[in-house]
Structures are given as structure tokens and as C-alpha cells.
Amino acid sequence: MDKKVNVESLDREQMLRRLKTKRKECGYTQEKVAELLDYERSSISLYETGMRGISIELLFKFSRIYHVSVDYILTGEEPKCSANLIADIRKLCDQYESDTM
């Protein structure tokens, strides 16, 4: 059974720090992330500093480009059974995208 996340218990500052850290670990600048997401660079800065709220849709976009789960962005932990599954799903999605372009 999946562990449920209590939204009130989420540490917003840690989540924002994880977003910035993952961006840097991936070797991306804010400009590059903005380009990948079709956003302005200033918007990425606002998201990383918490000056603008992040939609669920954008959380999924961040998780995709940073190659982590939304769970990781929110809590700092990958679901126990999903690490390999996430990698496999991403490979399939990337393959599908390249096949359809």
C-alpha cells in the first residue's frame, strides 16, 4: 500500500531547495530549464525561491526533466518500489517521443 503524504507536513523550503539542487545536478541553468519548459527564466527563479506557487502539472514537468519522481520533489524520498520502474517508464516515454517526432 502506498504511503499517503500529509500536505501540511511538507517542508516547502526543503522542496524548493531540492528543485534548485536537482537543476544544478542535471547541469541546467535557469535559462535552460525555462527553454525546456517553454517558460521565462524569471518564472523559474520565482518557482525556485517560492515567490510563485507550483502547479501539479509543473511538478510533473520538473520531475520529468530532473529524472526524479514527484514524491522526491515533495518529500525528498523516492517511492521504495519505483526507482527502477521510473527509469523504465522514462525510457519508454523518451523512445515514444523520438518515434513520433
Side-chain angles (χ1 to χ4, degrees):
M1 177 179 276
D2 290 334
K3 177 180 150 186
K4 296 192 183 214
V5 175
N6 178 355
V7 176
E8 288 83 28
S9 71
L10 294 176
D11 186 331
R12 186 170 180 267
E13 294 302 316
Q14 287 293 327
M15 182 193 80
L16 298 173
R17 195 169 299 122
R18 278 189 290 279
L19 281 176
K20 185 174 183 178
T21 299
K22 289 309 293 182
R23 174 178 58 78
K24 289 181 176 186
E25 286 176 0
C26 290
Y28 295 147
T29 62
Q30 288 181 343
E31 291 83 6
K32 182 61 178 176
V33 172
E35 178 186 321
L36 291 169
L37 298 176
D38 197 26
Y39 280 73
E40 296 292 323
R41 189 218 50 87
S42 59
S43 294
I44 303 306
S45 176
L46 292 171
Y47 292 126
E48 286 184 359
T49 59
M51 299 299 289
R52 181 177 288 171
I54 300 172
S55 69
I56 292 171
E57 178 183 355
L58 185 55
L59 274 175
F60 278 98
K61 289 179 179 182
F62 279 131
S63 76
R64 179 154 172 88
I65 64 170
Y66 297 155
H67 306 289
V68 295
S69 68
V70 171
D71 288 8
Y72 177 80
I73 293 172
L74 293 174
T75 67
E77 298 177 12
E78 287 286 2
K80 293 193 185 330
C81 66
S82 71
N84 291 331
L85 180 60
I86 290 169
D88 291 343
I89 290 171
R90 285 205 173 92
K91 286 178 191 174
L92 288 172
C93 289
D94 290 343
Q95 182 180 12
Y96 174 79
E97 286 177 0
S98 64
D99 289 347
T100 60
M101 294 184 144

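For Arg64, the side chain to side chain donor-acceptor pair (under 3.5 Å) partners at least two apart in sequence or on another chain are Asp94, Glu97. By the side chain to side chain contact (heavy atoms under 4.5 Å, CB included) test, Thr21 pairs with Arg17, Glu25, sequence neighbours left out. For Lys32, the side chain to side chain contact (heavy atoms under 4.5 Å, CB included) criterion is met by Tyr28, Thr29, Glu35, Leu36, not counting sequence neighbours. By the ring-ring contact (aromatic ring centres under 6.0 Å, His included) test, Tyr66 pairs with Phe62, sequence neighbours left out. By the salt bridge (Lys or Arg N to Asp or Glu O under 4.0 Å) test, Glu13 pairs with no residue at all, sequence neighbours left out.
Using a 4.5 Å heavy-atom threshold, the side chains of Tyr72 and Glu77 count as separate. Two residues are said to be in side-chain contact when any heavy atoms from C-beta on lie closer than 4.5 Å; Ile73 and Ile54 fail this criterion.
Between Val70 and Leu59 the shortest heavy-atom distance is CG2-O, 4.0 Å. Counting all heavy atoms, side chain and backbone alike, Lys61 lies closest to Leu37 at CB-CD2, 3.6 Å. Nearest heavy atoms, Gly50 versus Arg12: O-NH2, 2.6 Å. Taking every heavy atom of both residues into account, Ser69 and Ser63 meet most closely at C-CB, 3.9 Å. Minimum heavy-atom separation, Thr49 to Leu16: C-CD1, 3.9 Å.
For the atom pair NZ (Lys22) and CD1 (Ile65), the distance works out to 11.5 Å, reported to the nearest 0.5 Å. Here the straight-line distance linking atom OG1 of Thr75 with atom CE of Met15 works out to 11.5 Å at 0.5 Å rounding. Taken from CD in Glu40 to OG in Ser45, the straight-line distance is 12.5 Å, to the nearest 0.5 Å. In this structure, CD1 on Ile56 lies 11.0 Å from CG on Leu58, to the nearest 0.5 angstrom.
Applying the salt bridge (charged side-chain N to carboxylate O under 4.0 Å, His left out) test to pairs two or more places apart or on separate chains, those with a residue in residues 42-56 are Arg23-Glu48.
No path of Ile, Leu, Val, Met, Phe, Trp and Tyr side chains, each step under 4.5 Å between heavy atoms, connects Met51 with Ile44, placing them in separate hydrophobic clusters.
Residue-environment remark: NZ (Lys20) stays at or below the threshold of 12 foreign heavy atoms within 6.0 Å.
A distance-only check finds no donor-acceptor pair linking the side chain of Ser43 to the backbone of Tyr39 [under 3.5 Å].
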